[in-house]
J.: 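Please see the structure below; I have some questions.
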Amino acid sequence: NAGVMQNPRHLVRRRGQEARLRCSPMKGHSHVYWYRQLPEEGLKFMVYLQKENIIDESGMPKERFSAEFPKEGPSILRIQQVVRGDSAAYFCASSPSRGEYNEQFFGPGTRLTVL
Amino acid sequence: SQQGEEDPQALSIQEGENATMNCSYKTSINNLQWYRQNSGRGLVHLILIRSNEREKHSGRLRVTLDTSKKSSSLLITASRAADTASYFCAYNTNAGKSTFGDGTTLTVKP
């Protein structure tokens, strides 16, 4: 059973461009979470999605950021008009349920560098 | 803030010594997890402890959970240079998402 897959692993964008980060959850997992890690900091929650639904986006910046988890295919985190402050590692996690004892499995992360 | 807090922020010890890291939180939780992260790398899951558990072991790792004090500790015994990394606690509630602390940076000197 493959783990959580993220691609690309490294992404370089110039200011003003768009960044698209992909996350394929573990097989059988229908819950996906995105986190952002700035240098020297812990992970900060961004958004929680189930298939075709956004459950909690309380950690997502109101502008330029969006996320989706379509019925088919990976979850996408999209950052429009990137700025230098968006440079960070973006981690995706998945879980089989939202149950009381859910364990989240993390992907290797995408490291975004904005020039 | 509902963020977990960890202490110490940084810890430096000699190989063979034990390392203890603490994590505190402010809400009722379902479970708490500890992760390791080497510089510039992804997260490695170490241990999950559930709210009805008080202690768990895995190899040289020992995790305790005190829900009355809203705190957890991670003990690494007989440390090795390869244990040098950042260690994070993360707790889960019924909301589903994980809330992370800012981590403890452990340096084990050979």
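Proteins come first, then strands; the chains are lettered A, B, ... in the order of their sequence lines, and each starts at number 1.
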J.: If you take all heavy atoms of B/S72 and B/T64, which pair is closest and at what distance?
T.: OG-O, 2.7 Å
J.: Return the orientation label for the B/F100 and A/Y35 ring planes: parallel under 30°, perpendicular over 60°, tilted otherwise.
T.: perpendicular
J.: If I measure from the heavy atoms of chain B, does A/R9 come under 4.5 Å with its side chain, its backbone, both, or neither?
T.: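 Interface part for A/R9: neither.
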J.: In terms of the angle between their ring planes, are A/F65 and A/Y90 parallel, tilted or perpendicular, with boundaries placed at 30° and 60°?
T.: tilted
J.: Ring centroids only, cut at 6.0 angstrom: are A/F105 and A/H29 within range, meaning strictly under it?
T.: yes
J.: Of the backbone (N, CA, C, O) and the side chain (C-beta and beyond), which part of A/Q37 lies under 4.5 Å from a heavy atom of chain B, both, or neither?
T.: side chain
J.: With a 4.5 angstrom heavy-atom cut-off, could you sort out which part of B/Q37 is near chain A: side chain, backbone, both or neither?
T.: side chain
